[in-house]
2 protein chains.
Amino acid sequence: MKVTINDVAKHAGVSIKTVSRVTNNEPSVKQVTIDKVNSAIKALNYQPNLAARNLAGTKSYVIGFIYDNPNAYYIIDMQNGILSACKDLGYELLIHPCNSTAANICKELTDLVKHNRLSGLVLTPPLSEDPVILAALDEIDANYVRIIAGEKVDTNNGLAVLVNDRSGAISITQHLIDLGHKHIAFLSGDHEHASTKERLAGYKQALTNNQLSINDDFIIDGKYSFESGVQGAKDLLKQRTRPTAIVACNDEIAAGALFAARLEGVDIPAEISIVGFEDSPFSRQTWPKLTTVHQPNEEIAHIATELLIAKRKDKPAQLGKVFLPEPVIRDSTTQVRG
Amino acid sequence: MKVTINDVAKHAGVSIKTVSRVTNNEPSVKQVTIDKVNSAIKALNYQPNLAARNLAGTKSYVIGFIYDNPNAYYIIDMQNGILSACKDLGYELLIHPCNSTAANICKELTDLVKHNRLSGLVLTPPLSEDPVILAALDEIDANYVRIIAGEKVDTNNGLAVLVNDRSGAISITQHLIDLGHKHIAFLSGDHEHASTKERLAGYKQALTNNQLSINDDFIIDGKYSFESGVQGAKDLLKQRTRPTAIVACNDEIAAGALFAARLEGVDIPAEISIVGFEDSPFSRQTWPKLTTVHQPNEEIAHIATELLIAKRKDKPAQLGKVFLPEPVIRDSTTQVRG
DNA sequence: GCCATAAGATATAACGATATAGTGCGAAGT
DNA sequence: ACTTCGCACTATATCGTTATATCTTATGGC
């Protein structure tokens with residue numbers, strides 16, 4: 001019933017180690033032999049047993065996805081991207097939601113890696129940006145790829161996929177400036193996320209690029225949540241000079257700002273334009289539909305996983321890749337009123 | 001470095017088989033011996049190696065979560081519920097998103113079970129309601145628990161956790177009737193989902209219970225999507241006599257209806273009350289916040305997983321459990337206008 | 001032509017659990 | 001008193017791979 005490596009070896013007339021060499025792309029096998037083995041594998045529909053590989057070998061063929069993020073859309077996209085890369089490369093995925101601020105988070109993660117002998121980890125913010133956690137993982141020599149906000153790949157990053165949030169923020173802010181807005185506010189996300197810092201920097205950069213002054217009253221501290229968006233927008237609307245546009249640090253905050261505007265009877269976009277960041281599905285389900293910045297999360301996760309697995313195969317080490325988020329113009333932004 | 005069963009056996013002064021018996025709660029071990037072994041396990045911080053268990057034993061200690069559902073909130077909730085049960089019981093989770101209408105879906109799932117020797121499957125709609133898929137799984141004698149819409153546990157269901165969507169729909173429709181609404185419309189979800197049928201039946205039941213007539217023009221076919229909600233609500237708003245309230249088959253459809261109402265300049269809830277179903281996070285992020293029906297998805301998934309694993313342990317077979325979704329009153333419903 | 005070396009393959013020991021067969025010993029049956 | 005039985009436990013085979021050590025055969029250098 002079950003086809004094992006022994007069956008393949010017998011069928012191909014070679015030893016099991018040779019079959020193992022072929023399935024693992026190891027050197028020292030003649031092409032003729034490789035072909036013999038491969039056709040035996042195909043003929044018998046052989047699939048290596050993961051548990052046995054795991055037990056005998058040093059690689060587990062299992063990668064872990066570690067996250068601490070309440071954004072379901074983001075997580076699902078990431079999972080799907082990782083999963084598609086895993087499927088292509090014969091790996092399996094272990095998902096591990098966690099609390100990055102838990103006291104024992106380092107032990108939790110290192111135990112996870114050790115107990116499951118994980119081949120690698122995909123880390124998302126804020127875990128991917130926490131030096132204490134990274135140090136703990138380095139100590140046990142764990143493989144990981146970080147998904148982080150940043151502008152260019154460099155060796156200090158380790159293996160990383162960068163999302164250039166700054167450039168995305170510059171583009172979307174420029175979009176507002178191009179519409180004639182001069183009083184543009186910023187609703188920030190959690191400060192533990194580097195993305196918040198980068199998006200804020202991009203917002204400021206765009207203002208500066210256009211000789212617009214930076215008004216500190218227009219930069220509101222907050223968190224990556226709907227409620228924070230509601231509160232932040234309320235605060236903005238109370239000010240003597242109201243902004244004519246708001247850059248929200250993500251779509252949820254933007255949705256909260258939309259909500260607050262409605263509470264105060266402010267029409268969006270006629271009176272105030274609002275933009276989000278992320279292009280999550282619900283940015284298409286608000287009224288009006290949100291202008292936002294698109295991040296190809298599934299692709300980001302796919303590439304990250306490929307990098308991670310490639311590293312283990314000792315291929316020419318590619319250190320990372322940078323993604324440029326692009327604006328998506330919908331209905332929550334318009335020309336500033338004369 | 002790594003603690004194995006041999007270390008535990010040596011430390012406790014027994015054979016490895018005895019340790020195995022203790023860790024698996026098998027009979028024929030004296031209490032004194034059990035205590036000795038357990039204290040050795042604790043002293044050495046022993047954790048059984050999953051790969052070895054998997055390879056040697058008949059159980060894999062891995063359960064699969066199979067889903068075909070674009071609703072990220074739902075999936076994340078389910079994953080978390082399954083994961084928490086798995087953690088308690090020493091199991092691992094393999095997630096498997098798929099396309100339930102793919103031609104080779106049966107082979108895909110049976111191969112998945114066979115190749116990973118999955119201990120069991122958690123199936124969600126529409127997969128959990130597809131007789132062809134269930135038959136294929138029965139054929140290979142796979143263990144599974146179904147999460148389905150229904151009213152009572154019975155042996156025909158196999159292992160199942162039921163969500164009494166009908167009662168939820170009755171309650172929420174009754175809420176509208178209690179507010180004085182007599183012209184209540186229904187926006188349906190996909191007809192492949194039993195939940196659609198059940199929710200429609202509950203809606204009708206509530207009308208009947210209150211001697212209100214069922215108007216077929218007020219029952220609009222659709223799908224579980226925002227766009228479908230937009231279209232359905234548009235159709236309703238065009239009718240000669242507009243409904244004063246709408247029951248949407250889920251929150252996404254309700255959000256779509258909200259959007260369509262705004263497009264047409266119809267005030268919610270002043271002119272029309274709208275209710276959703278599911279209580280997903282974004283039902284709190286719409287304007288106005290949605291009145292909806294709460295489903296404890298995480299708990300449902302947790303219980304389902306416990307049932308699944310308990311079955312494999314040959315405990316007194318409990319067949320299932322029924323959940324009653326309850327209305328959550330927010331701001332999208334109000335007294336009908338005099 | 002002979003030895004050193006590498007390439008290509010094999011035989012077999014691990015990996016860390018569970019499963020199977022078997023042992024010793026006290027209690028019960030005749 | 002002698003077998004029989006069942007409980008509590010041990011010794012060891014086993015699962016399906018990878019890893020290690022070893023063997024054989026070609027290849028090149030002198």
Side-chain angles (χ1 to χ4, degrees), chain A residues 1-38 40-41 44-62 90-92 114-117 119 312-314, chain B residues 1-38 40-41 44-62 90-92 114-117 119 312-314:
Chain A
M1 192 68 231
K2 235 178 313 181
V3 182
T4 76
I5 199 171
N6 288 295
D7 303 323
V8 176
K10 219 166 284 174
H11 193 276
V14 299
S15 74
I16 59 168
K17 177 70 217 192
T18 301
V19 176
S20 175
R21 285 213 177 86
V22 172
T23 57
N24 292 291
N25 290 312
E26 286 170 26
S28 295
V29 192
K30 276 197 290 191
Q31 190 56 50
V32 198
T33 318
I34 293 178
D35 294 342
K36 255 195 313 190
V37 170
N38 277 330
I41 287 175
L44 300 174
N45 186 29
Y46 164 71
Q47 284 189 301
N49 177 308
L50 224 128
R53 276 192 151 171
N54 216 316
L55 182 58
T58 50
K59 310 189 223 174
S60 68
Y61 292 88
V62 176
Y91 277 66
E92 224 138 88
K114 281 191 277 186
H115 183 222
N116 296 87
R117 301 173 63 238
S119 294
R312 289 212 40 96
K313 281 195 178 166
D314 306 317
Chain B
M1 190 70 231
K2 238 178 311 180
V3 182
T4 76
I5 199 172
N6 287 297
D7 303 322
V8 176
K10 221 166 283 174
H11 192 276
V14 298
S15 75
I16 58 168
K17 177 70 218 192
T18 300
V19 176
S20 175
R21 286 213 177 87
V22 172
T23 57
N24 292 290
N25 290 312
E26 286 170 26
S28 294
V29 191
K30 277 197 291 191
Q31 190 57 48
V32 198
T33 316
I34 293 179
D35 295 341
K36 255 195 312 190
V37 170
N38 277 330
I41 288 176
L44 300 173
N45 187 28
Y46 165 71
Q47 284 189 298
N49 176 308
L50 226 129
R53 275 192 152 171
N54 214 317
L55 181 58
T58 49
K59 309 188 222 173
S60 68
Y61 292 87
V62 176
Y91 277 66
E92 224 137 87
K114 281 191 279 187
H115 183 223
N116 297 87
R117 301 174 61 238
S119 294
R312 290 209 39 95
K313 282 197 177 164
D314 306 318

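Convention: sequence-line order gives letters A, B, ...; per-chain numbering from 1.
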Looking for any heavy atom pair under 4.0 Å, which part of the strands does A:Thr18 touch: base, sugar-phosphate only, or nothing? base
Counterpart residues, side chain to side chain donor-acceptor pair (under 3.5 Å), relative to A:Ser28 (two or more places apart): none
Provide, to the nearest angstrom, the distance between the NZ atom belonging to A:Lys36 and the C1' atom belonging to C:dT10. 13 Å
Picking from C:dG16, D:dG16, C:dA9, which would you name as closest to the side chain of A:Ala56? D:dG16
Distances for protein N/O vs nucleotides 21-26 of chain C N/O pairs under 3.5 angstrom?
none

Counting heavy atoms from C-beta on, name the nucleotide in C:dT10, C:dA17, D:dT18 closest to the side chain of B:Asn49. C:dA17
Between B:Thr4 and C:dG16, is there a contact of a side-chain N or O with OP1 or OP2 at under 4.0 Å? no
From CG of A:Leu55 across to P of D:dT14 the rounded distance in Å is 17 Å
Think B:Asn24 has a side-chain N or O under 4.0 angstrom from the OP1 or OP2 of C:dT18? yes
Can you tell me which nucleotide in C:dA19, D:dC9, D:dT18 comes closest to the side chain of B:Glu26? C:dA19
In terms of the nearest nucleotide of DNA chain D, which residue is placed more toward the 5' end: B:Ile16 or B:Gly57? B:Ile16
State which residues pass side chain to side chain donor-acceptor pair (under 3.5 Å) with B:Arg117; sequence neighbours excluded, sorted by chain then number. B:Asn54
In terms of side-chain heavy atoms of A:Lys30, which of C:dA19, C:dT18, C:dG8 is nearest? C:dG8
